[in-house]
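Working notes for the structure below.
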Amino acid sequence: MTGISRTAQTMPYTVSKLTDFSSTALDAAVRELRSALDRESKDIRSETDWKVFRDRWMARKNGILTQINDSWLKASPKDSRREVGQRVNWIRAQVEDRVQKVESLLLELATGKPLGDFVDVTLPGIRRAIGAEHPVIKTMNDMIGVFRNLGYSVGEGPEIETDFYNFEALNFPPNHPARDTQDTLFIAGQDAKPLRDRLLLRTHTSPVQIRTMQKMKPPVRVVCPGKVHRNDALDATHSPIFHQIEGLAVDTNITFCDLKGTLDHAMKAMFGSSVKTRFYPSFFPFTEPSADVQISCIFCDGKGVRDGAPCRNCKASGWIELLGCGMVDPNVYGFVDYDASRVSGFAFGMGVERIAILKYGVDDIQLFFSGDVRFLEQFS
Ligand code: DAH
């Protein structure tokens with residue numbers, strides 16, 4: 001501390017007349033004045049406070065600066081004048097600087113910026129935006145919810161898979177070009193390994209079917225959400241990373257009827273009860289028979305025409321293709337030690353982004369991965 005008495009700290013500062021002009025006495029007087037300046041400037045809360053402060057220290061007529069000029073400098077003996085003058089100049093600079101600083105701090109305060117010593121607790125705080133579930137995750141969770149309500153459990157598998165799980169056990173013949181049709185990203189440097197052990201980034205969630213069946217005996221009802229990778233070039237509808245939800249139900253006496261009823265229900269739960277489904281013959285190595293599921297176009301209500309023009313979303317067909325499915329091929333049961341003569345089942349796989357695009361009217365799949373808050377906050 002500077003040796004100021006308690007009275008000096010609590011009472012308003014007044015300029016004392018100097019009788020002793022020694023360096024020590026001058027220094028003490030300057031210190032007292034300087035701490036009064038600090039104290040008083042800390043109490044300023046408004047423009048009115050600041051004006052009072054400015055005038056008290058700088059008013060030409062009877063401000064503190066004028067007073068020290070009169071009662072210190074003019075009253076000093078000739079041989080101390082130089083020393084007193086230096087101190088008075090220093091004080092003047094300090095006061096002018098402080099008055100100006102406080103003014104700019106007040107201005108900052110008015111514009112909402114936080115300030116060191118001058119915190120107005122009544123000002124609103126800095127808002128931190130609350131995050132939202134990513135639309136892809138939300139769509140995934142919604143779809144999982146539909147199947148949970150039907151008694152399905154949720155399974156997961158690794159994103160780095162072996163050729164065995166991603167292809168072989170799913171009845172893709174060895175060295176068959178079907179592997180190429182999925183634009184697989186293989187992990188480098190594995191040529192020495194047998195084909196089935198080579199690692200790759202899974203191209204679909206179907207390998208989780210195999211992992212699930214290896215782990216448990218029928219009855220099985222499972223949905224498997226997850227990320228998949230393909231060596232696809234980016235465009236508005238393709239991304240090298242996307243998400244799928246796989247489904248598998250295996251039990252005794254499961255028929256194509258069960259498959260149709262289940263997926264028809266799921267599509268209605270996702271897109272609304274007026275949506276119709278259509279099963280269109282297709283091919284997948286791991287299902288026989290296989291089908292693509294189409295839903296009636298949600299943009300033109302399946303009419304193929306919207307606002308007098310051909311509907312662009314369904315290419316005027318009235319139908320939108322949404323997922324692949326089928327009855328599990330008996331060959332697949334051979335890979336997991338299920339008795340193909342006793343059990344039957346169905347499987348399906350759907351792209352999550354594709355569903356989100358339709359549900360939310362998104363026109364570019366890249367928006368899901370660009371991390372642009374302006375896009376994402378629309379889903380909060
Ligand atoms: N895995 C397929 C794909 O990514 C989708 C699929 C089709 C999954 C039919 C299935 C299915 O389970 O039965 O193209």
Side-chain angles (χ1 to χ4, degrees), residues 140 143-144 147 152 154-159 161 163-173 176-185 200-214 220-232 237-251 254-264 266-267 277-295 320-333 335-336 338 340 343-355 365:
M140 205 141 102
M143 188 60 89
I144 290 169
F147 284 95
Y152 282 63
V154 181
E156 279 183 313
E159 277 173 51
E161 265 299 4
D163 187 281
F164 175 78
Y165 285 107
N166 198 77
F167 293 123
E168 185 181 337
L170 287 163
N171 202 32
F172 286 76
H176 192 274
R179 280 179 174 70
D180 299 337
T181 64
Q182 296 223 342
D183 294 309
T184 311
L185 289 158
L200 47 84
L201 299 183
R202 70 177 177 194
T203 57
H204 51 177
T205 43
S206 303
V208 192
Q209 288 186 32
I210 306 299
R211 290 182 175 276
T212 306
M213 288 189 280
Q214 280 181 336
V220 169
R221 279 176 191 77
V222 70
V223 277
C224 317
K227 201 177 283 170
V228 302
H229 306 254
R230 292 189 191 179
N231 188 17
D232 269 337
T237 55
H238 292 85
S239 160
I241 298 177
F242 59 103
H243 298 78
Q244 289 189 332
I245 297 174
E246 193 78 16
L248 176 70
V250 184
D251 203 342
I254 289 205
T255 67
F256 202 89
C257 251
D258 298 312
L259 170 61
K260 286 188 79 171
T262 303
L263 289 179
D264 185 70
M267 293 304 110
T277 51
R278 177 164 96 165
F279 289 69
Y280 204 82
S282 183
F283 173 80
F284 299 99
F286 39 94
T287 45
E288 183 59 35
S290 304
D292 285 328
V293 179
Q294 303 175 342
I295 60 167
I320 293 179
E321 197 173 299
L322 214 52
L323 57 97
C325 67
M327 300 307 290
V328 177
D329 192 304
N331 288 348
V332 172
Y333 295 131
F335 286 98
V336 295
Y338 276 17
V343 296
S344 59
F346 62 76
F348 56 87
M350 55 186 106
V352 181
E353 284 78 3
R354 180 146 170 70
I355 294 169
I365 196 173

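In listed order, ligands and their atoms are each counted from 1. Positions are given from 1, in the same order as the sequence printed here. Just so you know, these numbers use all the heavy atoms, side chains as well, and skip hydrogens, waters and symmetry mates.
Tested against Y152 for a side chain to side chain contact (heavy atoms under 4.5 Å, CB included), the candidates L248, V220, T262 yield a single pass: T262.
By the 4.5 Å heavy-atom criterion applied to side chains, L323 and V293 are counted as neighbours.
Of the possible donor and acceptor atoms, none in the side chain of R278 sits under 3.5 Å from a partner among the backbone N and O of Q294.
With distances taken over non-hydrogen atoms, the option nearest atom 10 (C) of ligand 1 out of F242, F286, F283, F284 is F286. Distances from atom 5 (C) of ligand 1 to the heavy atoms of G349, A347, G247 put G349 nearest.
For F335 and F286, the distance between ring centers is not under 6.0 angstrom.
Short contacts between ligand 1 and T287, defined as distances under 4.0 Å to a heavy atom of the residue, involve ligand atoms 13 (O). Heavy-atom contacts of Q244 reach the following atoms of ligand 1: 3 (C), 4 (O) (cutoff under 4.0 Å). Proximity to G326 (heavy-atom distance under 4.0 Å) selects the following atoms of ligand 1: 13 (O). For ligand 1, the atoms closer than 4.0 angstrom to any heavy atom of S206 are 1 (N), 8 (C). Counting atoms of ligand 1 from 1 in the listed order, those under 4.0 Å from a heavy atom of Q209 are 12 (O).
Heavy-atom separations between R230 and ligand 1 include at least one value shorter than 4.0 Å.
Between F348 and ligand 1, a contact under 3.5 Å exists for at least one N or O pair.
Ring geometry for Y333 against Y338 counts as parallel: the plane angle stays under 30°, on a 0 to 90° scale with 60° as the upper cut.
Side-chain atoms of E159 and H229 form a donor-acceptor pair, as typed in the model, at a separation below 3.5 Å.
Geometric assessment of R211 against the ring of Y165 yields a positive cation-pi assignment under the 6.0 Å and 45° thresholds.
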